[in-house]
2 protein chains.
Amino acid sequence: MSVPLYQAKAEMFRTLGHPVRIRVLELLQDGPRPVRDLLAEIDVEASNLSQQLAVLRRVGIVVSFREGSLVMYALSTPDVADLLAAGRRILGAVLTDRDGLLVELRAQNRPGART
Amino acid sequence: MSVPLYQAKAEMFRTLGHPVRIRVLELLQDGPRPVRDLLAEIDVEASNLSQQLAVLRRVGIVVSFREGSLVMYALSTPDVADLLAAGRRILGAVLTDRDGLLVELRAQNRPGART
DNA sequence: GAGCGAGTTGAAGATTTTCGCAACTCCGAA
DNA sequence: TTCGGAGTTGCGAAAATCTTCAACTCGCTC
């Protein structure tokens with residue numbers, strides 16, 4: 001396996017390695033959303049959010065388009081949901097119970113629960 | 001959902017966001033391996049590999065134990081394989097064909113192919 | 001118990017990311 | 001055509017990460 005391929009994989013994962021970006025992807029799992037909505041839910045400066053969105057766009061994990069005066073974002077592939085789910089499972093396996101995060105995570109893993 | 005939980009998730013993904021660490025996890029999918037084997041396959045300095053292993057250990061994604069004079073590493077949970085597989089699927093969906101990486105990736109996704 | 005192979009750790013410099021501010025673009029309404 | 005809301009971009013400072021070198025620990029064997 002070539003070195004560039006691991007780099008591409010690493011870049012992919014590194015891209016998810018930021019709280020704001022994770023949050024964005026979780027929100028987008030439910031369908032396309034305007035930046036304005038994301039901003040309302042994430043508590044971060046507009047310019048910061050915009051930068052994180054740019055990172056996600058750069059690797060192609062999300063796409064954006066204009067709808068009237070709003071800019072919408074959407075996942076470029078639904079596979080992202082699998083990745084997030086797998087991440088949660090690992091976290092569940094790994095967390096003993098630091099800070100009670102485990103309890104919160106368990107709640108999300110209930111069938112039908114959204115992240 | 002609490003902020004620390006996204007941070008834990010982000011940390012988890014960020015941990016995978018390094019070529020050497022990805023490579024290690026892929027190798028460990030086949031079962032426990034001594035550091036020496038990893039070193040033989042990865043082309044990186046011993047101390048560097050050791051640091052990357054420490055990162056993986058710190059988040060609890062791998063565990064290590066001594067076997068005679070060798071140090072062995074193993075995945076702490078087989079769920080890691082799912083994560084890597086999901087990552088590959090996304091990469092496949094996202095890559096148009098920059099640098100022919102797509103071809104290489106396709107080969108890995110053949111049923112039965114290992115990473 | 002000295003020497004050696006196998007790994008790890010600490011520290012420092014280089015590189016990359018992150019984040020807030022200010023300036024800018026784009027669209028729609030007045 | 002000017003104004004305001006919605007986002008984006010450029011930039012510099014602060015923080016985190018990466019990489020390498022040297023020193024160190026742990027088991028073995030002689």
Side-chain angles (χ1 to χ4, degrees), chain A residues 3-25 27-28 31-76, chain B residues 3-4 6-25 27-28 32-76:
Chain A
V3 172
L5 182 49
Y6 333 133
Q7 290 193 336
K9 291 180 181 179
E11 186 184 2
M12 163 107 284
F13 284 113
R14 203 166 52 241
T15 298
L16 306 200
H18 186 290
V20 169
R21 296 194 295 258
I22 285 280
R23 188 81 176 100
V24 166
L25 294 178
L27 291 169
L28 293 184
R33 297 259 213 153
V35 173
R36 184 213 250 132
D37 278 19
L38 301 176
L39 199 49
E41 305 221 37
I42 300 186
D43 188 40
V44 70
E45 284 198 16
S47 71
N48 193 340
L49 176 59
S50 206
Q51 307 232 32
Q52 306 311 333
L53 289 172
V55 172
L56 292 171
R57 243 186 300 123
R58 202 171 305 135
V59 305
I61 228 177
V62 305
V63 295
S64 70
F65 52 95
R66 224 170 224 293
E67 191 127 315
S69 72
L70 303 184
V71 176
M72 308 287 292
Y73 276 82
L75 296 183
S76 68
Chain B
V3 172
Y6 334 134
Q7 290 193 336
K9 291 181 182 179
E11 186 185 359
M12 162 107 282
F13 284 114
R14 203 165 52 240
T15 298
L16 305 201
H18 185 290
V20 169
R21 296 194 295 257
I22 285 279
R23 189 78 176 101
V24 166
L25 294 177
L27 290 170
L28 293 184
R33 295 259 212 155
V35 173
R36 186 213 250 132
D37 278 20
L38 301 176
L39 199 50
E41 305 221 36
I42 300 184
D43 188 39
V44 68
E45 283 196 17
S47 70
N48 193 338
L49 176 59
S50 206
Q51 306 248 26
Q52 306 310 334
L53 289 173
V55 172
L56 292 172
R57 245 186 298 125
R58 202 172 302 136
V59 305
I61 228 178
V62 305
V63 296
S64 69
F65 52 95
R66 221 169 225 292
E67 191 127 317
S69 72
L70 303 184
V71 176
M72 307 286 293
Y73 275 82
L75 296 183
S76 68

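Below, all heavy atoms of this structure are taken into account, side chains as well, without hydrogens, waters or symmetry copies.
Following rounding to the nearest Å, A/Phe65 (CZ) and D/dA6 (P) show an atom-to-atom distance of 18 Å. Across the protein-nucleic acid pair, A/Arg66 atom CZ and D/dA6 atom P stand 12 Å apart, rounded to whole Å. To the nearest angstrom, C1' of D/dA16 lies 12 Å from CZ of B/Arg58. Straight-line distance from the CG atom of B/Leu38 to the C1' atom of C/dT8: 15 Å, rounded to whole Å. A straight line from CG of B/Leu56 to C1' of C/dT8 spans 15 Å, rounded to a whole angstrom. Going from atom CZ of A/Arg57 over to atom P of D/dG7 covers 12 Å, rounded to whole Å. Atom CG of B/Leu53 is separated from atom C1' of D/dT19 by 15 Å (rounded to the nearest Å). One interatomic measurement links the two molecules: CG of B/Asp37 to C1' of C/dG5, which rounds to 15 Å at whole-angstrom precision.
Of all the residues in residues 67-76 of chain A, A/Leu70, A/Val71, A/Tyr73 reach under 4.0 Å from DNA chain D with at least one non-hydrogen atom.
Between the CG atom in B/Leu53 and the CG atom in B/Leu38 there is a gap of 6.5 Å [rounded to 0.5 Å]. Taking CG of A/Leu28 as the reference point, atom CG of A/Leu75 lies at 5.0 Å (rounded to 0.5 Å). In this structure, CD on B/Gln7 lies 11.5 Å from CD1 on A/Ile22, to the nearest 0.5 angstrom. Residue A/His18 holds its NE2 atom at 12.0 Å from CG of A/Leu25, rounded to the nearest 0.5 Å.
Residues that satisfy the salt bridge (charged side-chain N to carboxylate O under 4.0 Å, His left out) test with B/Glu45, not counting sequence neighbours, are absent from this structure.
Taking the side chain as every heavy atom from C-beta outward, A/Arg57 and A/Val63 never approach each other to under 4.5 Å. Considering only heavy atoms from C-beta on, A/Met12 comes within 4.5 Å of A/Ile61 through its side chain.
Put simply, the side chain of B/Arg21 never gets that close to the backbone of B/Leu56: no donor and acceptor are under 3.5 Å apart. With hydrogens and angles disregarded, no donor-acceptor distance shorter than 3.5 Å links the side chain of B/Ser50 to the backbone of B/Ala46.
Nearest nucleotide to the A/Arg36 side chain, out of D/dG7, C/dT8, D/dT8: D/dG7.
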For a quick check, with a 4.0 angstrom heavy-atom cut-off, what is the B/S/- contact string for nucleotides 12-20 of chain C, read 5' to 3'? -----SSSB
